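In this chain, residues are counted from 1 in sequence order. Since this is a predicted model, take the numbers as computed values, not measurements.
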Amino acid sequence: MNITLIVKPALPAVMEQLRNAASRMRAAGHAVTFLVTWEKPDLSRFAREAADGGADLVIAAGGDGTLNGIVQGLMNAAREAPPLAVIPTGTANDFANGRGIPTDIDAAMDVALHGRATEVDIACANDRWFINVSTGGFGASAARAAGGTLKRRLGGLAYILSGARRLLRLRPERARFMVDGRLIHDGAFVFFAVANGERTGGGTLVAPRADVRDGCLDLTIVRAGSRSDFIRLLPQLRAGTHLASPDVLYTRGARIEVHSPRRLDVNLDGEPMRARAVHYVVHPRSLRLVLPEREDGPER
């Protein structure tokens, strides 16, 4: 195969493992282009050029943000996107973990070469693509605060620390939520998630019923309550047992609109944006993702 391996710089030991894996692929007869990113725009550019250049497979080595950038390039390519495989070397790896992709580099590379290319849904928020989860309010603010130096120093613990800091000055937002043209909520909220995958923020199961192949996006809204109520709800959000809470609205649809009187913190697979209105649309089974072979039925 003609393979493009797009790598976000990582620890020297990780980079050495990836180089060794590329060497083994070449020894097996594959043509491998090994690309290391230095700026965020490199991700989408490398992926778009790989697709337009006729690559048979694109492999993303990094975390959820890396995967997001590569998805931008593949979905904006002039030619049909090749299958995408994932080597999860990032901080959280929420999407890869939800798909059962191994964290061991050699095992993940084996999945990339020998797994099953499965059509999965992709979502769009305004003019930006995402593959996993978009959050707004508390979750997005915590993710933005966890970025940069804090995340490099603490890894997944950065999400917990930044979340604890945000709780000290928790303030409800206001927005109107529409799902497939129906008004779902108009008023105060603390947090929302529009989900294609199940988890975000280092393993928080915000959308336990989400399925990347069902042609829908799952919407979770935590309505305004006291700080103590929200703190009590956080363990349930983490474990995915929050759906029965009276403070939680959970529904799904193909089109979701969020309108706010002021700009909201929103993120897409951990990548930040700010907007007063966000229009979410699902694109069913629009990307081929290489997933592990399973004996217990189709992949989620």
Side-chain angles (χ1 to χ4, degrees), residues 4 6 40-41 43-52 55 57-60 62-88 90 92-101 111-112 115-136 179-180 192-200 206-207 209-220 252-258 266-273 275 278-292 298-300:
T4 297
I6 303 175
K40 282 188 178 180
L43 293 165
S44 58
R45 178 170 62 85
F46 288 164
R48 185 179 65 252
E49 290 174 351
D52 290 341
L57 175 67
V58 170
I59 303 176
D64 294 307
T66 299
L67 186 59
N68 180 275
I70 290 173
V71 165
Q72 307 298 319
L74 293 178
M75 296 302 292
N76 291 323
R79 298 178 59 173
E80 181 181 3
L84 172 65
V86 184
I87 311 297
N93 306 309
D94 284 306
F95 186 76
N97 290 340
R99 313 278 70 76
I101 296 172
V111 170
R116 178 166 50 183
T118 304
E119 292 180 339
V120 299
D121 302 341
I122 300 294
C124 192
N126 294 351
D127 59 349
R128 291 174 57 180
W129 298 96
F130 68 100
I131 193 171
N132 190 35
V133 178
S134 172
T135 63
V179 177
D180 292 338
F192 77 84
V194 176
N196 187 38
E198 310 91 337
R199 66 196 74 201
T200 188
V206 293
R209 296 177 183 171
D211 184 336
V212 297
R213 303 186 69 203
D214 67 357
C216 289
L217 298 172
D218 288 38
L219 172 63
T220 301
R252 57 166 56 98
R255 293 178 176 270
I256 297 172
E257 298 177 31
V258 182
V266 177
N267 76 55
L268 313 173
D269 300 336
E271 297 301 302
M273 65 180 281
V278 188
H279 297 259
Y280 295 95
V281 180
V282 68
H283 294 255
R285 306 200 177 192
S286 296
L287 183 69
R288 288 172 292 165
L289 185 72
V290 182
L291 298 174
E299 292 83 357
R300 287 179 57 81

Look at the side chain of Asp180 and the backbone N and O of Arg255, then say whether any donor-acceptor pair between them is shorter than 3.5 Å. yes
Judged by atom type as modelled, is there a donor-acceptor pair below 3.5 Å linking the side chain of Thr135 to the main-chain atoms of Phe192?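 Pair absent, no side-chain N/O of Thr135 close to backbone of Phe192.
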Under the criterion side-chain contact (heavy atoms from CB on, under 4.5 Å), which of Asp94, Val194, Val206 is the partner of Val133?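 Considering Asp94, Val194, Val206, a side-chain contact (heavy atoms from CB on, under 4.5 Å) with Val133 is found only for Val206.
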Using side-chain contact (heavy atoms from CB on, under 4.5 Å) as the criterion, point out the one residue from Leu74, Val281, Leu287, Val212 that pairs with Ile122. Leu287
Distance, nearest 0.5 Å, that separates [atom1] of [X] from [atom2] of [Y]:
| X | Y | atom1 | atom2 | answer |
| --- | --- | --- | --- | --- |
| Ser134 | Asn267 | OG | CG | 6.0 Å |
| Asn132 | Asn196 | CG | CG | 7.5 Å |
| Leu291 | Arg213 | CG | CZ | 8.5 Å |
| Asp121 | Ile131 | CG | CD1 | 9.5 Å |
| Leu268 | Met273 | CG | CE | 5.5 Å |
| Arg199 | Asp64 | CZ | CG | 11.0 Å |

For residues [X] and [Y], report the shortest heavy-atom separation together with the two atoms involved.
| X | Y | result |
| --- | --- | --- |
| Pro83 | Val290 | CB-CG2, 3.9 Å |
| Ala112 | Ala85 | CB-CB, 3.4 Å |
| Phe130 | Ala125 | CE2-CB, 4.1 Å |
| Pro82 | Ala55 | CB-O, 3.2 Å |
| Ala210 | Glu198 | O-CG, 3.8 Å |
| Ala50 | Thr4 | CB-OG1, 3.6 Å |

Taking the side chain as every heavy atom from C-beta outward, state whether [X] and [Y] have any pair of such atoms under 4.5 Å apart.
| X | Y | result |
| --- | --- | --- |
| Leu289 | Val86 | yes |
| Arg209 | Asp218 | yes |
| Leu219 | Arg252 | no |

Check this for me: does any side-chain nitrogen of one of Glu271 and Lys40 sit under 4.0 Å from a carboxylate oxygen of the other?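 Salt bridge: yes.
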NZ/NE/NH1/NH2 to OD/OE distance under 4.0 Å, Arg79 and Asp52: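 A salt bridge is absent here (no side-chain N lies under 4.0 Å from a carboxylate O).
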Audit row: Phe46, Val58, side-chain contact (heavy atoms from CB on, under 4.5 Å) steps and yes/no: CA-CA 10 Å; Phe46 288 164; Val58 170; over 6 Å; no
Would you please test Leu84 and Leu67 for side-chain contact (heavy atoms from CB on, under 4.5 Å) and show each step? CA-CA 9 Å; Leu84 172 65; Leu67 186 59; 3.5 Å; yes
Does the ring of Phe95 carry Arg99 above it, NZ/CZ under 6.0 angstrom from centre and within 45° of its axis?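 Yes.
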